[in-house]
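Everything below concerns the one structure shown next.
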Number of protein chains: 2
Amino acid sequence: MSLPIPGSAVRGSKTGKPIMALLDLLGRTWCLGVIWQLRQGTLSFSELQLRCENISPTLLTKRLKELQQTNLIEKNLQGYQLTAIGFALFQVIAPLSQWSKLWQLSFEEQSMLQESENE
Amino acid sequence: MSLPIPGSAVRGSKTGKPIMALLDLLGRTWCLGVIWQLRQGTLSFSELQLRCENISPTLLTKRLKELQQTNLIEKNLQGYQLTAIGFALFQVIAPLSQWSKLWQLSFEEQSMLQESENE
DNA sequence: GTACTTTACTACATAAAGTGTAGTTAGGTT
DNA sequence: AACCTAACTACACTTTATGTAGTAAAGTAC
């Protein structure tokens, strides 16, 4: 898969609208997960692997390269960390955590409705 | 791929933490793109297909099913639209658009640095 | 009311992406 | 110098996604 760079043609936009490049990048398996796991600082390759449900090393290597080339993470002596702009991205998506709890409630309401139907 | 439902085991979390279920779902090809395209109201199947760079009908059908089953979109007479909670999700990710413009700048700085190196 | 369109899919072969396991390589330890 | 351990790479296999063709159902034209 080619790198989604804002300004170049990407999956979803031939004009390379930055938001489309971003949605392409974030839509790749484990990409959001890696960013999420790095929110508190540096993690080594193997720590990341563990936290990402034993993602295969092949794919982790690939994602780490993509994320470095798209300026979201950088390598240091201890492992990988978010760049300044990568952390800014995390801050944008951080509210997903709160939202996901509401989302969970929507499933519980659904099953309660089903139960009352069965009475 | 099994549906990521918060509260059940998903890719990334055996305990089914809602945020992990969410990151799994959003990390699927075109999922974020479909949500993004539906932000302004209802779109028909074929309109969605067009706006998502001619996503294959096979995959669009599959994603639409997943998004319905996870309470993010619903079908109406004219096509598909975000549910209330789906729209709330869009509002959470809407700031990505602004952020992606900053991100684009980071690439331009990078290429300017390279140019000055070559002098 | 039947022939023609259009829309919304489904089927299926092909291509691309992701997994899992087994190496390899490069630093540090004994 | 032999032995670890962490960080990868290689590769065969499986799962996902694509692209094209086909079907079904609803609307329109005559």
Side-chain angles (χ1 to χ4, degrees), chain A residues 1-5 9-14 20-38 41-70 73-82, chain B residues 1-5 9-14 20-38 41-70 73-82:
Chain A
M1 227 183 327
S2 66
L3 264 190
I5 306 286
V10 293
R11 184 173 65 180
S13 171
K14 287 182 175 133
M20 290 304 158
L22 180 60
L23 297 183
D24 178 355
L25 182 64
L26 298 184
R28 298 176 180 197
T29 312
W30 284 115
C31 180
L32 278 165
V34 167
I35 294 168
W36 198 264
Q37 294 301 337
L38 290 177
T42 297
L43 290 179
S44 69
F45 187 91
S46 49
E47 282 170 317
L48 265 175
Q49 214 186 341
L50 269 176
R51 289 175 191 234
C52 292
E53 198 87 348
N54 284 314
I55 176 178
S56 67
T58 318
L59 186 57
L60 181 53
T61 301
K62 195 173 166 186
R63 285 289 171 272
L64 290 173
K65 272 184 193 154
E66 288 170 0
L67 290 170
Q68 283 176 277
Q69 289 173 340
T70 53
I73 67 172
E74 57 199 5
K75 206 172 177 175
N76 62 30
L77 291 173
Q78 286 75 45
Y80 298 89
Q81 66 183 9
L82 294 174
Chain B
M1 227 178 335
S2 66
L3 263 191
I5 307 285
V10 294
R11 182 174 68 178
S13 170
K14 287 181 173 133
M20 290 302 158
L22 180 59
L23 297 182
D24 180 354
L25 182 63
L26 299 183
R28 298 177 182 196
T29 311
W30 284 116
C31 179
L32 278 165
V34 168
I35 294 169
W36 198 264
Q37 293 302 336
L38 291 176
T42 298
L43 291 179
S44 69
F45 187 90
S46 49
E47 281 169 318
L48 263 175
Q49 214 186 341
L50 268 176
R51 289 174 190 236
C52 292
E53 197 87 346
N54 284 309
I55 175 178
S56 67
T58 320
L59 186 57
L60 181 54
T61 301
K62 194 171 168 188
R63 284 290 170 273
L64 290 173
K65 270 184 196 155
E66 287 170 359
L67 289 170
Q68 283 176 278
Q69 291 172 337
T70 52
I73 67 172
E74 58 200 5
K75 206 171 177 174
N76 62 30
L77 291 171
Q78 285 75 44
Y80 298 90
Q81 65 183 10
L82 294 175

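All values reported here derive from a predicted model rather than from experimental measurement. Note that these values count all heavy atoms, side chains included, but never hydrogens, waters or copies made by symmetry. So you know, we letter chains A, B, ... as the sequences are listed, proteins then strands, and number each from 1.
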Rounded distance in Å - CD1 (A/I55) to P (C/dA17)
15 Å
Between B/C31 and B/L67, the two heavy atoms sitting closest are SG-CD2, 3.7 Å
Between the protein and nucleotides 25-27 of chain D, list every N/O to N/O distance that falls short of 3.5 Å.
none

Send over the distance from B/L50 CG to C/dT7 P, rounded to a whole Å.
10 Å
Length of the CG-P vector between B/N54 and D/dG19, whole Å
8 Å
By side chain to side chain donor-acceptor pair (under 3.5 Å), A/Q49 pairs with (sequence neighbours left out) none
B/L77 CG - C/dA8 C1' separation (whole Å)
14 Å
The criterion is side chain to side chain donor-acceptor pair (under 3.5 Å); which residues satisfy it with B/E74, sequence neighbours excluded?
B/Q81
Is B/S56 near enough to D/dA17 that one of its side-chain N or O atoms lies under 4.0 angstrom from OP1 or OP2?
no
Hey, are the side chains of B/T29 and B/R63 touching, using non-hydrogen atoms and a 4.5 Å cut-off?
yes
Evaluate the side-chain proximity of A/L60 to A/F45: yes if any heavy-atom separation is below 4.5 Å, no if none is.
yes
In whole Å, I'd like the distance from the CG atom of A/L59 to the C1' atom of C/dA17.
8 Å
Can you name the nearest heavy-atom pair linking A/V34 to A/C52, along with the distance?
CG2-SG, 4.2 Å
In whole Å, I'd like the distance from the CH2 atom of B/W30 to the C1' atom of D/dG19.
15 Å
Do any side-chain nitrogens or oxygens of B/R63 fall under 4.0 Å of OP1 or OP2 in D/dA17?
yes
A/K75: what forms a side-chain contact (heavy atoms from CB on, under 4.5 Å) with it, not counting sequence neighbours?
A/Q68, A/Y80
Presence of A/T58 side-chain N/O under 4.0 Å of C/dT19 phosphate oxygens OP1/OP2:
no
B/T58: partners by side-chain contact (heavy atoms from CB on, under 4.5 Å), with sequence neighbours left out
B/S56
Nearest-angstrom distance from the residue atom CD of A/E53 to C1' of C/dG20:
15 Å
Residue pair A/L26 / B/L26, side-chain heavy-atom distance below 4.5 Å:
no
How long is the line joining CG of B/L60 and P of C/dA11, in whole Å?
16 Å
Which residues share a side-chain contact (heavy atoms from CB on, under 4.5 Å) with A/Q78, sequence neighbours left out
A/T42, A/N76
Polar atoms only, N or O, under 3.5 Å: list the protein pairs with nucleotides 6-8 of chain D and their distances.
residue : atom : partner : partner atom : Å
D/dA7   : OP2  : A/S46   : N            : 3.2
D/dA7   : OP2  : A/S46   : OG           : 2.7
D/dC8   : OP1  : A/K75   : NZ           : 3.1
D/dC8   : OP2  : A/Y80   : OH           : 2.7

A/L25 to A/P4 - nearest heavy-atom pair and separation:
CB-CG, 3.5 Å
Using a cut-off of under 3.5 Å, enumerate the N/O to N/O pairs linking the protein to nucleotides 23-28 of chain C.
none

